[in-house]
Amino acid sequence: MRLPAERLWAVFLALREIGDWDRARFAAARMLEAAGDGAEPSARRLRMAAQTFLAETLAQHPEQRGDLAAAEQLNIDALAVARALAQELDTPEARRDVSVSLNNVANAARARGDLAAAERLFGESLEIRRALAQELDTPEARRDGYVSLVMLAQTLGTRGDLDGAKRLFEQGLGIVLDLQRQTGIAEYRRDLAVCYLALAGVAEAQGDLPAARSALLEARATADAFGRQQPISDATTITAAVDDALARLGPAL
């Protein structure tokens, strides 16, 4: 029995959730086939989603360079579809799809070392998400902006622009601080801990070890609070990263 593309979308998400990437790849490929080549926006969006999902499964095997190249091309194709739909529909959902595809192509560029392209693509995604956050003023839209800020900040840091990275991480920190205070949602505590950890890394690279230690202590306290609020989480992984960094800094302080 051939499942419609919409059903295969749900199947893919369920398989991804449990980490069954082989069957997820099969579901994504079947979804792409089922989406067909229809010109209506709904069919094109299904095709775009299938391309994105298939790219994600291919990228799970970084040792296979052909898979990485194929994944990047799928994401580029999905971006082209997303841009066309956004131009035609001009809806927040369509514009957000563009930002997602931009991030996917940027991640592929960063993985193969093209940091200039990654910076440009992440920057474009951030512009779209900032506009959406202002237009929609929802926690989800504001967190999307935070995600793009962090991705761009990481890229700037890798390129050696530590001041730029610090500035963006601080902006991201402000966003999730506001979100956590307003909503109390546990995941925002996780975002805070990750952001403090990133700021500590920048401070350490800049030689400001007291600032690095202060940020690490904030990260540790926030990760502990996240773990208490959501016991089944990756809080222990974040805490372990903080403890490793504190141990590394210890003799230097």
Side-chain angles (χ1 to χ4, degrees), residues 47-49 51-87 92 94-135 141-176 191 194-208 211-212 215 241 245:
R47 190 158 59 248
M48 175 195 67
Q51 290 167 329
T52 301
F53 293 160
L54 185 55
E56 184 178 355
T57 66
L58 291 171
Q60 293 302 309
H61 304 283
E63 71 281 358
Q64 300 178 27
R65 303 309 301 178
D67 277 356
L68 286 180
E72 183 170 9
Q73 187 57 54
L74 282 164
N75 280 321
I76 290 171
D77 293 344
L79 176 58
V81 175
R83 287 192 191 279
L85 286 172
Q87 185 172 7
R95 281 178 270 137
R96 182 183 186 276
D97 284 343
V98 174
S99 74
V100 171
S101 287
L102 283 165
N103 285 344
N104 289 336
V105 178
N107 277 323
R110 184 168 62 179
R112 59 179 170 76
D114 190 347
L115 298 179
E119 181 180 342
R120 175 178 54 79
L121 292 160
F122 282 137
E124 185 181 351
S125 173
L126 178 58
E127 287 181 10
I128 293 171
R129 292 185 168 192
R130 279 176 164 160
L132 286 171
Q134 185 171 6
E135 176 184 347
R142 289 158 63 196
R143 186 182 184 276
D144 275 349
Y146 158 80
V147 171
S148 286
L149 272 169
V150 167
M151 289 178 171
L152 181 55
Q154 290 170 339
T155 304
L156 292 179
T158 304
R159 296 195 77 185
D161 183 359
L162 298 178
D163 289 337
K166 179 182 178 181
R167 175 175 51 82
L168 292 182
F169 279 130
E170 288 175 341
Q171 290 178 23
L173 184 67
I175 290 171
V176 287
D191 291 338
V194 170
C195 212
Y196 279 125
L197 186 58
L199 280 167
V202 172
E204 182 182 1
Q206 292 178 318
D208 190 347

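This is a predicted model, so every value here is computed, not measured. Sequence positions, counted from 1, serve as the residue numbers for this chain.
Looking only at side-chain heavy atoms (C-beta outward), D114 and R110 stay at 4.5 Å or farther from each other. Side-chain contact between R130 and L149: present, with at least one pair of heavy atoms (C-beta onward) separated by less than 4.5 Å. Residues Y146 and V150 are in side-chain contact: their nearest non-hydrogen atoms beyond the backbone lie under 4.5 Å apart. Between R167 and D163, every side-chain heavy-atom pair lies at or beyond the 4.5 Å cut-off. Between F169 and Q154, some side-chain heavy-atom pair lies under the 4.5 Å cut-off. At least one side-chain heavy atom of L79 sits under 4.5 Å from a side-chain heavy atom of V98.
The minimum heavy-atom distance linking N75 with T52 is given by the pair OD1-CA, 4.0 Å. The nearest pair of heavy atoms linking L121 to A106 is CB-CB, 3.6 Å. Heavy atoms only, all atoms of each residue included: S125 and N103 are closest at OG-OD1, 3.0 Å.
Classification of R95 and E135 as a salt-bridged pair holds, one side-chain N sitting under 4.0 Å from a carboxylate O.
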Checking I128 against R96 for the side chain to side chain contact (heavy atoms under 4.5 Å, CB included) test, could you report, in this order, the C-alpha distance in whole Å, the side-chain angles of both residues, the deciding distance, and whether it holds? CA-CA 7 Å; I128 293 171; R96 182 183 186 276; over 6 Å; no
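Remark: the backbone N or O of M151 is paired with a side-chain donor or acceptor of T155 at under 3.5 angstrom.
Here the CG-CZ distance, from L152 to R120, works out to 12.5 Å after rounding to the nearest 0.5 Å.
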